[in-house]
Amino acid sequence: MSISKSLLKKLALPAFACAPKKTFLSLENTIKLLKISADDRNLKLGKIIHTQLIISNQRKELNLTETNCLINFYAKCGEVSVARKLFDQMPERNVVSFNALMTGYLHKQLPLEVLELFKSMDTWELQPNEYIFATVLASCSDVRALDEGKQCHGHVLKSGLVFHQYVKNALIDMYSRCSDVKAALGVLKMVPGSDILSYNSIITGFLENGHLNEGLEVLREMVDGYLVMDGFTYVTVLGLCAGLKDLKLGMQIHSQILMREVEIDGFVGSSLIDMYGRCGKLLYAKSIFDVLEKRNVVHWTSMMAAYAQKGCFEDALILFLKMELAGVLPNEFTFAVMLNCCAGLSALRSGDLFNSRAEKCGFKAHLIFGNALINMYSKSGSIEDAQRVFLDMGNRNNVTWNAMISGYAHHGLGRQALVVFQQMIASFCVPDYITFVGVLSACGHLGLVDEGFYYLNTLMGKYRLVPGMEHYTCIIRLLGRAGLLDEAEKYMKSTPVQWDVVAWRTLLSACHAHQNISLGKRIADILRGLDSNDVATYILLCNMYAKAKRWDEVANIKKLLRGRGIKKEPGVSWIQVKNKTHVFVSEDKKHLESKKIHQKVDELITQIKMLGYMPDIGIVLHDVGDEQKEEHLSYHSEKLAIAFAVINTPSGAPIHVIKNLRMCDDCHSAVKLIAHVTERKIVVRDANREARQLSIEKPSHLDAVQVTDTGEHACLKTYCWALQHISVGLYSRKLVDGKEFGEALYGSVHQPQSHAYILVSASCLLG
DNA sequence: ATAGGGTTAG
């Protein structure tokens with residue numbers, strides 16, 4: 001009796017359980033059940049059927065089809081060695097046998113075996129068909145084996161199978177994943193009949209390899225061809241928007257999803273959160289997160305990443321606790337984001353805790369986790385721990401090497417940074433843009449001018465890298481450190497680079513250090529032309545003049561600042577002692593132990609004066625006499641925090657202080673000596689980053705609209721706002737501004753400022 | 001009887 005597949009599936013196991021011992025299935029049903037077992041990855045059921053086949057078979061050996069089915073079954077269930085045994089014992093094989101086994105190797109990530117089988121087909125005088133090519137190309141794609149993929153392409157062309165949709169798409173997938181943009185586009189355009197899968201593959205591949213603009217170009221063509229996006233497309237295109245930080249395009253895609261009533265499933269939901277998060281729209285990301293019915297670990301992690309990206313590290317950490325309460329288990333990505341938050345807060349203790357938790361959960365060996373760990377330890381001031389993690393890592397990629405190189409460079413360990421760079425090259429890891437930022441800054445610390453220029457002008461070119469502003473700024477810092485200020489100025493004036501405020505300020509900082517007042521003045525003029533209201537520049541200038549005891553100039557700048565209503569941000573330091581964060585403001589007397597702390601500061605200063613410490617009296621902005629100046633400097637927030645830590649932590653314990661501003665020269669030399677007299681390791685890290693936003697931002701263009709946080713789609717509110725400002729009459733479900741919907745999207749992709757974007761956005765409300 | 005694409009890290 002022949003039974004339908006679905007019925008078989010439903011009845012299979014219970015029927016087997018009840019069947020009398022000598023009941024055998026018909027051959028036809030056996031094949032069907034084997035296929036079901038393969039599709040469901042039901043190893044148990046398949047094994048039972050295999051047994052039945054052997055027992056019931058009157059003939060000595062299984063026939064070709066039966067064995068092929070078995071190979072397929074074992075390969076799909078991950079038992080590729082069993083599949084191989086069956087394959088090897090076959091007296092006769094056909095293309096199907098080969099492909100079934102190849103698929104097993106493909107999914108086990110064993111591309112060499114796939115290629116080996118592909119080669120051996122020739123000796124069996126078997127011609128590869130479209131199935132074989134699709135599988136072999138997928139293997140090449142998986143391991144980015146471009147050369148093998150190209151050879152396979154040649155075979156495909158000879159065989160004339162290039163017009164098979166599967167083969168064509170496999171070729172596109174292989175080329176785009178292997179980052180061969182030209183070849184991928186060639187196949188897409190030369191071979192007619194691209195479906196949504198062709199486009200999804202190519203955009204995904206481009207996105208993966210950072211060819212974002214090319215991806216956008218392909219998207220344009222796709223929309224132009226009126227191809228309807230599916231769930232995969234939305235995920236990929238949202239990834240593209242996130243990478244390009246193109247909020248407008250992202251919102252258009254979101255609108256289309258809403259209008260077409262595409263289900264926001266796990267994947268689309270997380271892509272939306274990620275897109276809004278990476279475009280800096282925390283509130284939008286959260287509104288998506290809030291309305292999701294089921295939240296998985298990716299949703300939580302994407303949301304945490306969105307907080308972290310905005311610098312709301314504490315909020316992200318709180319979200320982690322909420323996730324735990326919701327019973328969702330963290331994965332390696334979650335821990336990586338958490339470590340990133342700890343790095344942002346310099347919360348070494350919390351970072352250690354996450355490290356332990358992750359190790360217990362078995363994520364220690366994950367590459368992304370190790371990378372995040374190196375980053376956390378080095379940003380939190382513990383380069384030894386970073387190094388330990390680095391040495392322990394069995395698997396390393398660019399990010400790993402970069403993290404270690406820039407970690408060493410940041411800690412002033414230029415020599416080590418360059419050694420690691422050499423090791424990176426020796427282990428055939430290709431350096432990238434970020435690698436050279438670290439390398440050049442290491443050269444800066446070591447004062448290696450010639451080497452710096454060699455890396456910039458020669459080595460970067462060898463790796464086909466175009467130096468960017470970060471690299472040029474490193475060069476300026478390098479020249480500045482070496483005291484070659486005039487050369488630096490000459491270099492800046494003669495090199496056709498659009499120097500920015502940071503670069504000029506770098507040189508100004510060198511003028512401060514080397515007391516080149518006249519150049520400093522010239523740079524101040526240039527900076528004034530670039531950016532008229534920058535506090536950091538004025539403070540640098542002020543310090544430069546103060547160091548030179550040019551009090552007249554100091555007074556001028558202070559007057560200027562006062563006139564513009566600019567206030568210097570107060571110095572704040574904080575420190576974690578026994579699970580509590582203690583915050584200190586310069587000259588703060590509010591702390592409970594204030595008196596004891598001030599006494600300790602005085603004591604420490606007396607001690608280090610005996611080692612030759614000379615309080616710097618020239619760098620304070622206060623209008624007071626010299627005596628008082630010394631006092632003010634003594635109570636800079638980091639000194640207070642260190643004194644507190646010396647009192648409240650066991651002797652010998654390391655002290656980690658974080659502060660908002662850059663440490664002044666006086667504190668720098670004082671702290672070094674304090675570390676010496678107290679025999680402690682002291683790390684002071686300045687949080688040299690954008691001001692932290694503690695509350696969720698209001699969409700800037702929506703000031704007129706009350707945005708509440710009650711689970712409604714914040715994006716819809718944006719569109720409501722848009723509705724009030726545009727004429728709605730033009731819209732019908734299919735037509736926007738007299739154009740097809742796709743055209744409106746197309747138009748706005750070409751011109752991001754176009755009004756079509758608002759219309760498309762608005763349409764989702766009406767649809 | 002054999003083949004295809006997606007989310008979170010730095």
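Naming: A, B, ... by sequence-line order, numbering from 1 per chain.
Considering only side-chain atoms of A:Ile368, the nucleotide from B:dG6, B:dA9, B:dT8 that sits closest is B:dA9. Candidate nucleotides B:dG4, B:dT2, B:dT7 were compared by shortest atom distance to the side chain of A:Asn169, and B:dG4 ranks first. When distances are taken from the side chain of A:Asn129 to each of B:dT2, B:dT7, B:dG6, the shortest belongs to B:dT2.
Under the 4.5 Å side-chain criterion, counting only non-hydrogen atoms from C-beta, A:Glu148 is not in contact with A:Val136. Side-chain contact check for A:Leu53 versus A:Leu34: some heavy-atom pair is nearer than 4.5 Å.
The base of B:dT7 lies close enough to the side chain of A:Ser270 for a donor and an acceptor atom to sit less than 3.5 Å apart. Contact annotation: side chain of A:Asn94 to base of B:dA1, donor-acceptor pair present below 3.5 Å.
Residue contacts shown for A:Asn296 are absent, as no nucleic acid heavy atom lies under 4.0 Å away. Using a 4.0 Å heavy-atom criterion, one finds that A:Asp230 contacts the bases of the nucleic acid, with or without backbone contacts as well. Within 4.0 Å (heavy atoms only), A:Asp265 reaches at least one base atom of the nucleic acid. Here A:Ile31 lies out of heavy-atom contact (under 4.0 Å) with every strand. If you check every strand for non-hydrogen atoms under 4.0 Å, A:Asn68 touches a base. Here A:Asn402 lies out of heavy-atom contact (under 4.0 Å) with every strand. Residue A:Ala305 is in sugar-phosphate contact alone, with no base atom involved, counting any heavy-atom pair closer than 4.0 Å across all strands shown. Residue contacts shown for A:Gly239 are absent, as no nucleic acid heavy atom lies under 4.0 Å away.
Straight-line distance from the CG atom of A:Leu272 to the P atom of B:dT8: 12 Å, rounded to whole Å. B:dA1 atom P lies 15 Å from atom CG of A:Asn99, rounded to whole Å. When rounded to the nearest whole Å, the span between CD of A:Gln165 and P of B:dG4 equals 15 Å. Distance, A:Leu137 CG to B:dA3 P: 15 Å, rounded to whole Å. Distance CD1 (A:Ile36) to C1' (B:dT2): 17 Å, rounded to an integer number of Å. Rounded to a whole Å, the CG atom of A:Asp274 is 10 Å from the P atom of B:dT7. Rounded to whole angstrom, the span from the CD1 atom of A:Ile203 across to the P atom of B:dT7 amounts to 13 Å. For A:Ile172 and B:dA3, the CD1 to P distance is 20 Å, given to the nearest whole Å.
A distance-only check finds no donor-acceptor pair linking the side chain of A:Ser346 to the backbone of A:Cys342 [under 3.5 Å].
Aromatic rings of A:Phe421 and A:Phe436 (six-membered ring for Trp) have centroids within the 6.0 Å cut-off, being under it. Aromatic rings of A:Trp300 and A:Phe289 (six-membered ring for Trp) have centroids within the 6.0 Å cut-off, being under it. Note: A:Tyr175 and A:His153 meet the aromatic proximity criterion, with ring centroids under 6.0 Å apart.
Remark: ring of A:Tyr131 stacked against base of B:dT2; centroid gap under 5.5 Å, plane tilt under 30°.
Heavy-atom distances under 4.0 Å link DNA chain B to A:Asn72, A:Lys76 of residues 71-80 of chain A, given in residue order.
Using a cutoff of 4.0 Å between basic side-chain nitrogens and carboxylate oxygens, A:Glu79 and A:Lys108 are not scored as salt-bridged.
Residue A:Arg93 places none of its side-chain N or O atoms closer than 4.0 Å to OP1 or OP2 of B:dA1. The phosphate of B:dT2 has OP1 or OP2 within less than 4.0 Å of a side-chain N or O from A:Lys35. Distances shorter than 4.0 Å separate some side-chain N or O of A:His107 from OP1 or OP2 on B:dG4.
Remark: A:Phe206 engages no residue in a ring pair (Phe, Tyr, Trp, His ring centres under 6.0 Å) (not counting sequence neighbours). When the side-chain hydrogen bond (donor to acceptor under 3.5 Å, both in side chains) test is applied to A:Tyr131, no partner is found at least two apart in sequence or on another chain.
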